[in-house]
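Down below is the structure, laid out as structure tokens.
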Amino acid sequence: MASAPLPLGPPPRCRILKMIVIGDSGVGKTCLTFRFCAGKFPNKTEATIGVDFREKTVEIDGEKIKIQLWDTAGQERFRKSMVQHYYRNVHAVVFVYDITNMATFQSLPAWIEECKQHSLGGEIPRILVGNKCDLKDATQVRTDLAQKFADTHSMPLFETSAKNPGDNDHVEAIFMTLAHKLKNHKPMMLSQPLLDENKVQLDPEPSPGVECYC
């Protein structure tokens, strides 16, 4: 009787990158994360209550990397109970503002300060994103102003649109730039068995609600 085949070893493991996406309510955080993970703009969305979570497995230099995107509510009353969990084990931060709304840009120092309060200082890779570039006629935050702010805080600046079909590669570049930067920092990574290396996990399509103009 033939002997049973020996196990081939543990399942392959996939390193995880946890990125948090923060900024005021309505700047388009959910739309950006949905666009990156699903490759399209959501038709409808509702204001995030608490935390939205999406993930996508990508390949960088032949290695599978799972990018986890944590999108927090911009409104304080929805965030209080989730903040500690949200900031735990973070590898990178994406700050988002709306180029058509100066107030969302002026709020950025407060978001940076909140990161510091949760031990996410300048050593954590960060990117600044100006969203809603499809509404250039309504621009309130000039590129030169945003670039000066980004330079002051040692962040690259991306201006993009989660809605414009032509900006799909640009949206992907935002998150992939961070992923490439972090790939060689092995101690910063978590890992777990990679059960299906071709699987991309997404939240369900946002339920009908208010229209998203992100």
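The residues of the chain are indexed from 1 along the displayed sequence. Below, all heavy atoms of this structure are taken into account, side chains as well, without hydrogens, waters or symmetry copies.
Put simply, CG on L157 and CD1 on I174 are 9.5 Å apart, with the number rounded to the nearest 0.5 Å. Here Q147 contributes atom CD and R142 contributes atom CZ; the two are 13.0 Å apart, rounded to the nearest 0.5 Å. Within the model, atoms NZ of K181 and CE of M176 stand 15.0 Å from one another, a figure rounded to the nearest 0.5 Å. Here the CD atom belonging to Q117 is positioned 10.0 Å from the OG atom belonging to S119, to the nearest 0.5 angstrom. For the atom pair I20 CD1 and L120 CG, the distance stands at 5.5 Å (nearest 0.5 Å). I99 contributes atom CD1, which lies 10.0 Å from atom NZ of K132 (distance to the nearest 0.5 angstrom).
No side-chain heavy atom of M155 sits under 4.5 Å from any side-chain heavy atom of L108. Inter-residue side-chain proximity for E63 and R15 is flagged as met; some heavy-atom pair is nearer than 4.5 Å. At least one side-chain heavy atom of T160 sits less than 4.5 Å from a side-chain heavy atom of V129. In this structure, F158 and V171 have side chains that are not in contact, with every pair of non-hydrogen atoms separated by 4.5 Å or more. By the 4.5 Å heavy-atom criterion applied to side chains, V93 and W111 are not counted as neighbours. Side-chain contact between M19 and I67: present, with at least one pair of heavy atoms (C-beta onward) separated by less than 4.5 Å.
The backbone N or O of Q68 sits nowhere less than 3.5 Å from a side-chain atom of E55 that would complete a donor-acceptor pair. Without hydrogens or angle criteria, K56 side chain to F36 main chain gives a donor-acceptor distance under 3.5 Å. Distance alone, capped at 3.5 Å, is enough to place a donor-acceptor pair between the K29 side chain and the G23 backbone.
The pair D134-K163 does not meet the salt-bridge criterion, since no charged nitrogen lies less than 4.0 angstrom from a carboxylate oxygen.
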Please walk me through it: do T104 and D24 pass side chain to side chain donor-acceptor pair (under 3.5 Å)? CA-CA 6 Å; T104 66; D24 284 1; 5.5 Å; no
Walk me through whether L178 and V94 qualify under side chain to side chain contact (heavy atoms under 4.5 Å, CB included). CA-CA 9 Å; L178 287 172; V94 179; 3.6 Å; yes
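Of all heavy-atom pairs between A146 and V141, the closest is CB-CG1, 4.3 Å. The minimum heavy-atom distance between L17 and H91, with the atom names listed, is CA-ND1, 3.4 Å. Between K136 and C133, the closest heavy-atom pair is CG-O, 3.0 Å. A pairwise comparison of heavy atoms in C115 and F95 identifies SG-CZ, 3.8 Å as the closest pair. When all heavy atoms of P156 and R126 are compared, the closest pair comes out as CD-O, 3.3 Å. The two atoms that bring N131 and G28 nearest to each other are ND2-CA, 3.6 Å, heavy atoms only.
Judged purely by distance below 3.5 Å, without hydrogens or angles, the side chains of Y87 and E114 pair a donor atom with an acceptor atom.
For the side chain to side chain contact (heavy atoms under 4.5 Å, CB included) with F175, the lone residue among I127, V21, V58 that qualifies is V21.
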